[in-house]
Number of protein chains: 2
Amino acid sequence: MSPRHLSQQDFDQRENELITLGRKLLEDDCLTTLTIDKLVAESRFSKGTIYKHFTSKEDLLMAICNQSITEMQAKFKRALAFKGNSREKILAVMVSYVIWAKLHPSQLFAVLAAHSPSVAACACDRRNEKHSQQEADLMSLMNEQIEKAIETGDLTLPKGMLIEQVTFAMWSASWGAMALIMSKGNSIKLSPMQLERESFTNATLVLDGLGWKPLSKDWDYPQTIKNITQEIFLPEMKILEKLATPFIFIS
Amino acid sequence: MSPRHLSQQDFDQRENELITLGRKLLEDDCLTTLTIDKLVAESRFSKGTIYKHFTSKEDLLMAICNQSITEMQAKFKRALAFKGNSREKILAVMVSYVIWAKLHPSQLFAVLAAHSPSVAACACDRRNEKHSQQEADLMSLMNEQIEKAIETGDLTLPKGMLIEQVTFAMWSASWGAMALIMSKGNSIKLSPMQLERESFTNATLVLDGLGWKPLSKDWDYPQTIKNITQEIFLPEMKILEKLATPFIFIS
DNA sequence: AGCGTCATATGACGAAGCGTCATTATAAAC
DNA sequence: GTTTATAATGACGCTTCGTCATATGACGCT
């Protein structure tokens, strides 16, 4: 059963198995009910073995977050395959972000929770470094698009602004809308706010604010959204419909 | 000791005393170490009495969040006293938001945490309703400014956009920057992002995106920020300097 | 003053979860 | 077959949560 030496590969594979199981438990129930004891009970391993992989509950959460981000990144890359101008490609990424959130709300909550300082504080260095690296990768993906847009002349970087700041502005605007809307779907006062629409609004305002061409007044971006959903994310659209949480975009 | 009948007023006063104590514990340590048992130990009351006020730890957190928002709202109102054009007033609110976050990081974390769905789920109805009401009040404050700007002609509402959407766009953009930057001050990859600067950038992009006049190219808003900090928030500036976390704005 | 009543206050307790570590199991080496 | 180093186990101690049976004491009544 227990080999004299456990290869790094086997160890990693087991860890991924555990993280995947953790994500399954998360989907089935919710973040609050996800406990180490439950993971132990559902897994083939004992508590001691689990703690060989995760130094704490927070470490597990961070690991889950990292695996989720990896999946999200795949969606981002698919989005960038959209045939369109530089701004439409950015929009495609935004759309993929919203779709991912709607498809996997509990994973989104895990990612949101993983960004609280207490989680990072209790996760091991290895995990935190991977997390930083993944976010840097996501940002690089956007940075590249921005560079291309600057090359083509669609975007002129405002004086004194860094490419990273542009990425951060778009990311944080999306993040804020996501965090506020998804976390309280039932608040009466916020109910008129619709994730799809507000994400689009935020993106449009930031992009127009940057003077990223073509400006919203010169292009039918609502039509772009439709094209993105039809050309790139049709499978996801169908799943969302089946889940009774369709992607609805009314500008 | 225990009066035959406890008046609502006395009950409320005691509750506020407890919430204030909770906030003190939060400032002294951090969110993770804030426990009901600790609150009980530090307070004049027993566990049972505490649970007369707070149905759960989450309920306490939401109560703390509400009290913090009340204080924040006071800062918002002070900010709106800034003598300037409509856009400068909005900037003043943004500045007050950043100042508040820098002055009370642990309170900010409490507010961020209170926005996770698990907290709202475990807080009592009374508390959740107050929370919704307070956020609605904050939004109203902004809505009024937007209405005024529309009246004066500084802002023309984009076709099909609601005033509430404008408020939400500004709020969520600030929220996102706040949540991402404050929650991980030590991430290497995010370290070039500076709360003061990124909040300003986000606000500028959204406001320019809305075409809210005067546009950033037509006005020296960095100078406005300096004026706001000097004219309205000088006391806070001094405190922040003493805390070795000065408000630094380099555009 | 003495007594009964009942709203209020108390803190011991059971349940649940976390993380540890002494013990057990086992593959590989000899 | 014995030894040995490594991996796996799960019982245990500790913390925290939230409850509830019991204690307290202010007030009305006689």
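Each chain gets a letter, A, B and so on, in the order its sequence line appears, and its residues count up from 1.
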Item to check | Residues A/Asn202, A/Glu198; criterion side-chain hydrogen bond (donor to acceptor under 3.5 Å, both in side chains); working and verdict | outcome: CA-CA 6 Å; A/Asn202 281 10; A/Glu198 266 39 77; over 6 Å; no
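- One interatomic measurement links the two molecules: CZ of A/Phe54 to C1' of C/dT20, which rounds to 18 Å at whole-angstrom precision.
- B/His53 has its NE2 atom 11 Å from the C1' atom of C/dT8, to the nearest Å.
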Item to check | side chain to side chain contact (heavy atoms under 4.5 Å, CB included) assessment of B/His53 paired with B/Phe45 | outcome: CA-CA 11 Å; B/His53 291 278; B/Phe45 309 102; over 6 Å; no
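- Place A/Gly48 and A/Ile36 on DNA chain C by their nearest nucleotides, and A/Ile36 ends up nearer the 5' end.
- For D/dA7, neither phosphate oxygen OP1 nor OP2 lies less than 4.0 angstrom from any side-chain nitrogen or oxygen of A/Arg14.
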Item to check | Base-pairing string, 5' to 3', of DNA chain D - Watson-Crick or wobble, under 3.5 Å, | interstrand | outcome: ||||||||||||||||||||||||||||||
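- Under a 4.0 Å N-O distance rule, the pair B/Glu58/B/Arg127 does not qualify as a salt bridge.
- Under 4.0 angstrom from either OP1 or OP2 of D/dT9 there lies no side-chain N or O belonging to A/Lys47.
- B/Lys52 comes within 4.0 angstrom of nothing in the nucleic acid, heavy atoms only.
- Residue B/Phe200 forms a ring-ring contact (aromatic ring centres under 6.0 Å, His included) with just one option from B/Phe249, B/Tyr97, B/Phe247, and that option is B/Phe249.
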Item to check | Residue pair A/Gln107, A/Gln67: steps toward the side-chain hydrogen bond (donor to acceptor under 3.5 Å, both in side chains) verdict | outcome: CA-CA 10 Å; A/Gln107 314 255 338; A/Gln67 212 185 66; over 6 Å; no
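- Regarding B/Asp37, its CG atom lies at a distance of 17 Å from the P atom of C/dA16, rounded to whole Å.
- Taking every heavy atom of both residues into account, A/Ser56 and A/Cys122 meet most closely at OG-O, 2.9 Å.
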Next on the checklist: The test is side chain to side chain contact (heavy atoms under 4.5 Å, CB included); show your working for A/Met170 and A/Val93 and say whether it passes.
Outcome noted: CA-CA 11 Å; A/Met170 297 191 296; A/Val93 174; over 6 Å; no
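- Atoms NZ (B/Lys57) and C1' (C/dG17) sit 13 Å apart, rounded to a whole Å.
- Distance, A/Tyr51 OH to C/dG17 P: 12 Å, rounded to whole Å.
- Atom CZ in A/Phe11 sits about 13 Å away from atom C1' in D/dA8, given to the nearest Å.
- Atom P of nucleotide C/dG17 and atom CG of A/Leu25 are separated by 13 Å, given to the nearest angstrom.
- OP1 or OP2 of C/dT10 has at least one side-chain nitrogen or oxygen of B/Thr49 nearer than 4.0 Å.
- Nearest heavy atom pair, residue A/Ser43 against residue A/Leu18, reads CB-CD2, 3.8 Å.
- Residues meeting the salt bridge (Lys or Arg N to Asp or Glu O under 4.0 Å) test with A/Lys238, sequence neighbours left out: none.
- Atom-to-atom, CD of A/Glu58 to C1' of C/dC18 comes out at 10 Å; the value is rounded to the nearest Å.
- Less than 4.0 Å separates DNA chain D from no heavy atom of any residue of residues 27-35 of chain A.
- No engagement by B/Thr55 is indicated, since no non-hydrogen atom pair under 4.0 Å with the nucleic acid exists.
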